[in-house]
Amino acid sequence: MPGCFKKTLFALASLISFGSFILIVVAMGTPKWMMGKILCKTGADLVNATDPELVKFIGEIYYGLFRGGKIRQCGLGGRRSKFTIFPHMVKKLNTGLHVMIVMFLCVAIFLSLVSFGFCILNAIKVPYRAIKGPSGVCLWNFLAGGFLVLAVTSFMAAVKLHQLTERIANFRENVFQFVILEERFENCFWLCVASATAHAVNLLLMAISGINCPKIKTKTEEANVTAEDIMY
């Protein structure tokens, strides 16, 4: 059986792994990865709008991995609309990159659950195989964190290098053209970053669990036998 200190560390690591699983699931299911401001360039050019009048042509957009929405401002008031990424819009985006992001996150979800199970196993008993022990927990946490980093960097590449926001904003817009004025990463994106950080914390906990605490040895007093003791 593992000691009390190691039990506590593995129990804490299991909670962190399960928390990482929850964070990824919430991030994937919520359409708040990216938010931005969009300018209806066609409408602004038609009326030759100046700086004070441009406010009437600036709308908003938000989206996640599967759905999103936008507010179109083309001079006649805001018009709200919602959209889904799959199955139609993904054909206009970088399909391979977008599918890879989803796959990376799905693999990270699976590895987070594997890490959770291994942490529980190590908190209950000492496994007889090395891969089931702390080294295995380190492996699954390293892989889960690695896939999360891949997902986050791939999404950043899709936004910055492949103009993901602009492509989504102009999807099925035959009359008006929208230009991105501002874009920022939102809560769900940072939830994935927090999940990757959680797995890094687990690696640190596993490193601490491998430290053997020195045992305090009590010094035994040597018995001094004298001639008087022998006589008695």
Side-chain angles (χ1 to χ4, degrees), residues 12-36 61-68 83-120 122 130-169 171 180 182-207:
L12 180 58
S14 65
L15 290 176
I16 292 175
S17 295
F18 189 75
S20 173
F21 162 75
I22 296 297
L23 290 177
I24 303 171
V25 171
V26 171
M28 291 185 68
T30 309
K32 286 291 179 71
W33 280 63
M34 177 67 65
M35 289 192 71
I61 187 172
Y62 67 90
Y63 60 90
L65 297 178
F66 300 101
R67 64 187 189 276
F83 54 83
T84 55
I85 304 294
F86 293 94
H88 306 294
M89 188 179 291
V90 72
K91 297 177 182 179
K92 298 295 183 181
L93 310 179
N94 191 323
T95 307
L97 186 58
H98 200 83
V99 172
M100 282 176 58
I101 295 170
V102 176
M103 290 181 61
F104 287 152
L105 291 175
C106 290
V107 174
I109 287 176
F110 172 75
L111 292 174
S112 297
L113 290 178
V114 173
S115 173
F116 170 73
F118 273 57
C119 289
I120 294 294
N122 281 269
I131 192 62
K132 293 183 178 180
S135 59
V137 178
C138 288
L139 174 63
W140 305 127
N141 277 279
F142 177 79
L143 291 176
F147 276 103
L148 282 166
V149 170
L150 287 174
V152 168
T153 52
S154 298
F155 184 77
M156 293 176 65
V159 172
K160 300 299 182 182
L161 301 180
H162 296 275
Q163 291 79 41
L164 181 62
T165 308
E166 186 175 346
R167 292 188 183 192
I168 293 177
F171 179 71
I180 308 303
E182 176 187 334
E183 55 185 3
R184 63 183 182 276
F185 296 103
E186 278 299 310
N187 298 335
C188 293
F189 174 84
W190 297 113
L191 285 180
C192 288
V193 175
S195 180
T197 306
H199 288 290
V201 172
N202 268 357
L203 290 175
L204 179 62
L205 291 178
M206 292 305 101

By salt bridge (Lys or Arg N to Asp or Glu O under 4.0 Å), K160 pairs with (sequence neighbours left out) E183
Side chain to side chain contact (heavy atoms under 4.5 Å, CB included) filter on I120, not counting sequence neighbours, yields S14, F116, I124
Taking every heavy atom of V137 against every heavy atom of S115, the minimum-distance pair comes out as CG1-OG, 4.4 Å
Requested in this report: Indicate yes or no for a side-chain donor-acceptor contact from N141 to the backbone of A200 under 3.5 Å, with no hydrogens or angles considered.
Outcome: no
For the pair F18 and F21, name the ring-plane relationship: parallel under 30°, tilted 30 to 60°, perpendicular over 60°.
tilted
Residues passing the side chain to side chain contact (heavy atoms under 4.5 Å, CB included) test with L204, sequence neighbours excluded, are I208
Under 4.5 Å between any side-chain heavy atoms of I85 and I168, yes or no? yes
Query - Flag side-chain contact, heavy atom, 4.5 Å: F155 against M34 - result: yes
Distance col, row L23:CG vs C192:SG, nearest 0.5 angstrom, shows 8.5 Å
Value for NZ (K92) from CZ (F171), rounded to nearest 0.5 Å, stands at 7.0 Å
* Taking the side chain as every heavy atom from C-beta outward, state whether S112 and H199 have any atom pair closer than 4.5 Å. => yes
In terms of heavy-atom contacts, N94 and R167 come closest through N-NH1, 3.6 Å
Sorted by chain and residue number, the side chain to side chain contact (heavy atoms under 4.5 Å, CB included) partners of M103 (sequence neighbours excluded) come out as V99
- Task: Indicate yes or no: at least one non-hydrogen side-chain atom of L191 is less than 4.5 angstrom from one of T30.
- Result: no
Heavy-atom nearest pair, A108 first then L148, reads CB-CG, 3.8 Å
message = Surrounding CZ of F142 (heavy atoms of other residues, nucleotides or ligands, distance under 6.0 Å), is the total greater than 12?
response = no
Open item on the list: I want to check something: taking the side chain as every heavy atom from C-beta on, are K32 and N187 in contact at a cut-off of under 4.5 Å?
Closed with: no
A198 and I16 have their tightest heavy-atom pair at O-CG2, 3.4 Å
Query - Any V193 side-chain heavy atom under 4.5 Å of V152 side chain - result: yes
message: Does M156 form a side chain to side chain contact (heavy atoms under 4.5 Å, CB included) with F185? I'd like the steps, not just the answer.
response: CA-CA 9 Å; M156 293 176 65; F185 296 103; 3.9 Å; yes
query = Do the side chains of E186 and Y62 get nearer than 4.5 Å, heavy atoms only?
reply = no
Sorted by chain and number, sequence neighbours left out, salt bridge (Lys or Arg N to Asp or Glu O under 4.0 Å) with E166 holds for none
The reported gap from SG in C119 to CG in N202 (rounded to nearest 0.5 angstrom) is 5.5 Å
Taking every heavy atom of C138 against every heavy atom of L203, the minimum-distance pair comes out as O-CD2, 3.3 Å
Minimal heavy-atom distance between I101 and S154, with the atoms involved, is CG1-CB, 3.6 Å
Sequence neighbours excluded, the answer for ring-ring contact (aromatic ring centres under 6.0 Å, His included) partners of F86 is F66, H98
message = Using 30° and 60° as the class boundaries, would you call the ring planes of F118 and W140 parallel, tilted or perpendicular?
response = perpendicular
Could you check whether any side-chain heavy atom of T165 comes within less than 4.5 Å of a side-chain heavy atom of Y63, counting everything from C-beta outward? yes
